[in-house]
Amino acid sequence: MATNTKTRDGGPAMSRSASRRTHGEGLFRFLSTAAGVVLLAIMAAIAVFLISEAIPALRANEGNFFGDLVWEPNSSKVFGIGALAFGTVLSSALALVIATPIAVGVALFISHYAPRRLAAPLGYLIDLLAAVPSVVYGLWGVTFLVPLLRTPSQWLNEHLGWFPLFAGEGIIGGKTMFAGAVVLAIMILPIIAAISREVFLQAPKMNEEAALALGATRWEMIRMAVLPFGRPGVISAAMLGLGRAMGETIAVALIFPATFDISFQILTPHANSIAANIANGFGEANDIGRGALIASGLVLFVITLLVNMGARFVINRRKEYARVGA
Amino acid sequence: MSKQIQVSGLDAYYGSHKAIEDVSMTIEPRSITAFIGPSGCGKSTFLRTLNRMHEVIPGARVEGKVLLDGDDLYAPNVEPVSVRRMIGMVFQRPNPFPTMSIYENVAAGLRLNGRLSKSKLDGIVEESLKGANLWNEVKDRLNKPGAGLSGGQQQRLCIARAIAVKPQVLLMDEPCSALDPISTLAIEDLMAKLKDEYTIVIVTHNMQQAARVSDRTAFFNLAEQGKPGKVIEMDETSRMFTNPTQKATEDYITGRFG
Amino acid sequence: MTTTTGIQHISAGRRFKDLFVKALVYLAFALAVVPLVSVLWLVISNGVARLDLEFLTHSMRGIGARDAGGGAYHAIIGTLEQVLLASVISVPIGLFTAIYLVEYGQGGRLSRAISFFVDVMTGVPSVVAGLFIFAFWILFLGAQFSGWAGALALAILMMPTVVRSAEEMLRLVPNDLREASYALGVSKWRTILKVVLPTAFTGIVTGVMLAVARVAGETAPLLMTVFFTNSINNDPFNGPQMGLPLFVFDQAARPNDTAVDRAWTGALTLILIVMLLNLVARLIAWWRAPARGR
């Protein structure tokens with residue numbers, strides 16, 4: 001601002017190229033503003049085109065989009081989002097329940113427990129988890145994890161079968177909601193751990209020292225000075241992880257058995273999700289089928305948008321709070 | 001409730017750098033001992049070795065002996081946590097826990113050592129806040145966040161928090177350097193009152209403050225930058241400020257350097 | 001040391017709790033590393049057998065469902081072209097957006113909106129980005145499946161990452177440098193071009209490479225944009241292409257061992273490419289990083 005005026009009335013030596021300079025200045029400002037606007041336009045376009053291409057299929061739907069538990073847009077033109085949305089929410093919620101405690105532990109390990117010299121490389125090791133492509137996790141999941149989880153699944157079913165999630169008869173284990181949730185948990189762990197680690201590292205050193213000087217053990221110090229400070233950050237990290245899990249496609253597409261029912265029995269082979277259904281169904285879909293998949297993608301877009309905006313809201317509030325506290 | 005500290009042959013390191021060398025002194029109970037000296041001379045480092053806060057910094061270590069009424073704080077079977085429980089500390093910048101209320105801040109240390117009944121806790125919190133000359137100012141808003149207080153009030157809150165656990169010794173690391181003159185005066189008054197019960201050690205940059213509040217003064221200095229700090233002289237404050245035996249002390253006190 | 005006047009030990013309960021939490025924290029870390037090691041080990045041990053010259057130089061054309069042999073050349077070419085095109089689209093837009101946010105936006109309403117939606121865009125599921133390009137490019141504009149369509153979808157996924165990392169790097173450039181340049185009478189845009197961007201350059205390169213590494217492994221958006229082929233198609237603007245992640249997905253979904261073997265080798269190749277990009281990015285960052293304390 002002050003610097004702008006300084007450049008505008010620059011010295012006489014530079015007045016010769018003044019018009020070229022203002023051209024350049026104008027162009028540069030235009031380009032950068034335009035780039036930002038393009039970004040906003042893309043977000044708007046995603047919503048607009050998903051809606052406009054979903055409408056014909058939704059019109060042709062002879063069932064109830066929000067009520068039916070079938071997905072047959074190609075043949076009987078009946079399709080409903082219910083089972084898929086349920087699968088998306090349940091699998092992501094399970095993944096979150098598995099991943100969050102471990103991720104917080106990992107974050108604390110890096111920020112407050114690991115020897116200082118090892119902290120950075122070990123943190124990088126966790127980041128590498130995020131670098132493994134989704135399809136590789138899918139391949140690993142079907143060939144290695146699914147068989148591995150069969151015995152523990154049967155054990156859980158046998159001994160804790162009274163708990164609704166572990167209930168079920170017939171085939172136990174295999175390509176289940178549980179197996180998919182474990183893979184999702186592994187995939188969202190690095191992002192939750194990375195954000196939590198950052199907020200834990202930002203916990204004011206002077207408060208940590210205050211706690212130690214009162215005679216707190218390391219854990220008591222963390223409970224007094226680190227966790228309360230980091231809580232909003234961990235919450236938003238978990239929400240971002242949740243959004244990631246909901247949109248995760250290929251790994252679960254390989255694992256989920258593509259059923260269309262609502263079942264809380266996570267150890268039986270009943271599982272699907274919006275994203276997995278899109279990946280598995282796209283190749284064989286006709287026009288209405290593709291429109292139906294776009295409609296389901298729109299639902300996924302809206303859900304993840306809400307979750308992400310919620311997470312950002314929490315983060316932004318925390319920033320203000322941190323500024324006051326500092 | 002107040003103990004004597006005897007230090008002998010103490011060296012403190014940050015990694016391979018020796019910050020202070022061969023410090024020996026006796027700190028008397030129920031009195032205020034002040035550490036003065038130019039910046040970087042190791043007086044704060046030395047203070048932090050007295051409650052084993054020095055070793056919190058990665059790579060930092062200590063050699064030598066610190067005896068609290070004869071018990072070695074650095075004996076192998078002594079835990080730093082227990083030492084800090086007995087030797088309280090007040091820091092340069094007021095550091096109340098930002099997520100806790102005034103009440104919770106004072107109660108924070110008490111809660112570590114097992115559950116107390118609500119009435120007992122209330123009693124100690126009130127007593128500590130009174131002890132820190134803060135009770136009248138905050139008694140109507142004990143459940144408000146501690147971060148909402150003024151700087152001077154926050155520092156007194158930190159003192160209340162430190163004395164709530166009834167330590168034997170109170171270490172103060174430049175407690176007034178971030179405060180205005182009126183708040184500084186309030187803290188100095190408080191120190192004079194607290195010394196009836198506690199062994200108080202204060203690090204200060206402000207020589208007038210050392211002269212006003214302390215009974216004994218130790219002057220720290222270092223030969224040159226990068227060399228370890230040492231105790232040059234330690235004596236009754238009145239004698240130190242009128243008739244120091246060392247030339248360096250006199251130069252520092254009269255403002256010729258530092 | 002148990003005399004009443006001496007230094008008391010802390011209670012057994014507190015000590016136990018402290019050790020217990022410590023054990024949990026170490027356990028959590030170990031638990032997190034196990035899948036990483038397991039994935040890498042299986043990918044290497046299963047993938048290395050077919051990592052031969054044929055795999056790297058041949059396509060799947062004419063290879064029957066049960067046949068051994070065949071390769072991923074068509075997929076590797078496709079991935080490289082798609083990722084390159086995606087970078088060509090997203091880097092300028094992302095970089096200019098970052099410049100707007102740091103140098104021109106000045107916290108106004110537009111810049112706050114952009115900043116917020118960049119964050120939200122980070123969370124757009126990759127499959128939704130693919131569906132959007134399908135709906136817009138292929139259904140609405142009537143274009144065909146192509147590598148370019150895939151690149152468009154990948155570009156959407158890259159943009160927010162590029163903006164965020166570039167923004168962070170631009171903000172690290174000290175204001176003194178800008179002011180020194182203004183004081184010499186240099187205009188704002190020339191200052192950005194000649195002073196700010198060169199200072200932030202390596203950081204921005206690192207960010208772009210991490211973004212590339214991230215999208216190089218994306219499968220879902222390719223399904224509905226580049227579609228699928230078993231043949232070599234060197235032209236990203238014409239007709240369906242293949243991508244390495246797509247290749248892995250396709251082969252992994254087939255029931256016979258020869259296909260799964262190819263999937264593992266494809267996964268190994270993909271991980272090698274992604275890890276290489278990651279490593280190079282981090283090496284650049286580490287090599288040129290100013291000592292930042294903590």
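So you know, we letter chains A, B, ... as the sequences are listed, proteins then strands, and number each from 1.
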Side chains of A:I42 and C:M159 in contact at under 4.5 Å (non-hydrogen atoms): yes
Lys/Arg N to Asp/Glu carboxylate O, C:K188 vs A:E25, below 4.0 Å: no
Residues A:I294, C:F132; criterion side-chain contact (heavy atoms from CB on, under 4.5 Å); working and verdict: CA-CA 8 Å; A:I294 290 176; C:F132 161 63; over 6 Å; no
Validation row: A:V132, C:M275 side chains within 4.5 angstrom (heavy atoms): yes
Within 6.0 angstrom of C:N175 CG, more than 12 heavy atoms from elsewhere: yes
Residue selection (most heavy-atom pairs with chain C, distance under 4.5 Å) from A:I274, A:T33, A:L300: A:T33
Within-4.5 Å side-chain heavy-atom neighbours: A:I250 and C:L223: yes
Evaluation steps, side-chain contact (heavy atoms from CB on, under 4.5 Å), between C:V43 and A:W140: CA-CA 8 Å; C:V43 168; A:W140 176 76; over 6 Å; no
Aromatic centroids of C:F29 and A:Y113 separated by under 6.0 Å: no
A:F282 ring center near C:F134 ring center (under 6.0 Å): yes
Selection from A:V38, A:L129, A:L50 maximising heavy-atom pairs under 4.5 Å formed with chain C: A:L129
Most contacts with chain C, counted as non-hydrogen pairs under 4.5 angstrom, among A:L31, A:N308, A:L27, A:L189: A:L31
From A:F30 atom CZ to C:Y100 atom OH, the distance as rounded to the nearest 0.5 Å: 13.0 Å
Donor-acceptor pair, side chain of C:D18 and main chain of A:W219, under 3.5 angstrom: yes
Pairs of heavy atoms under 4.5 Å with chain C: top-ranked of A:L298, A:I102, A:L139: A:L139
Step-by-step side-chain contact (heavy atoms from CB on, under 4.5 Å) determination, C:F136 to A:V48: CA-CA 9 Å; C:F136 169 68; A:V48 168; over 6 Å; no
Check: A:L125 and C:L36 side chains under 4.5 Å, non-hydrogen atoms: yes
Worked check of side-chain contact (heavy atoms from CB on, under 4.5 Å) between A:I278 and C:L131: CA-CA 9 Å; A:I278 295 171; C:L131 278 179; 3.6 Å; yes
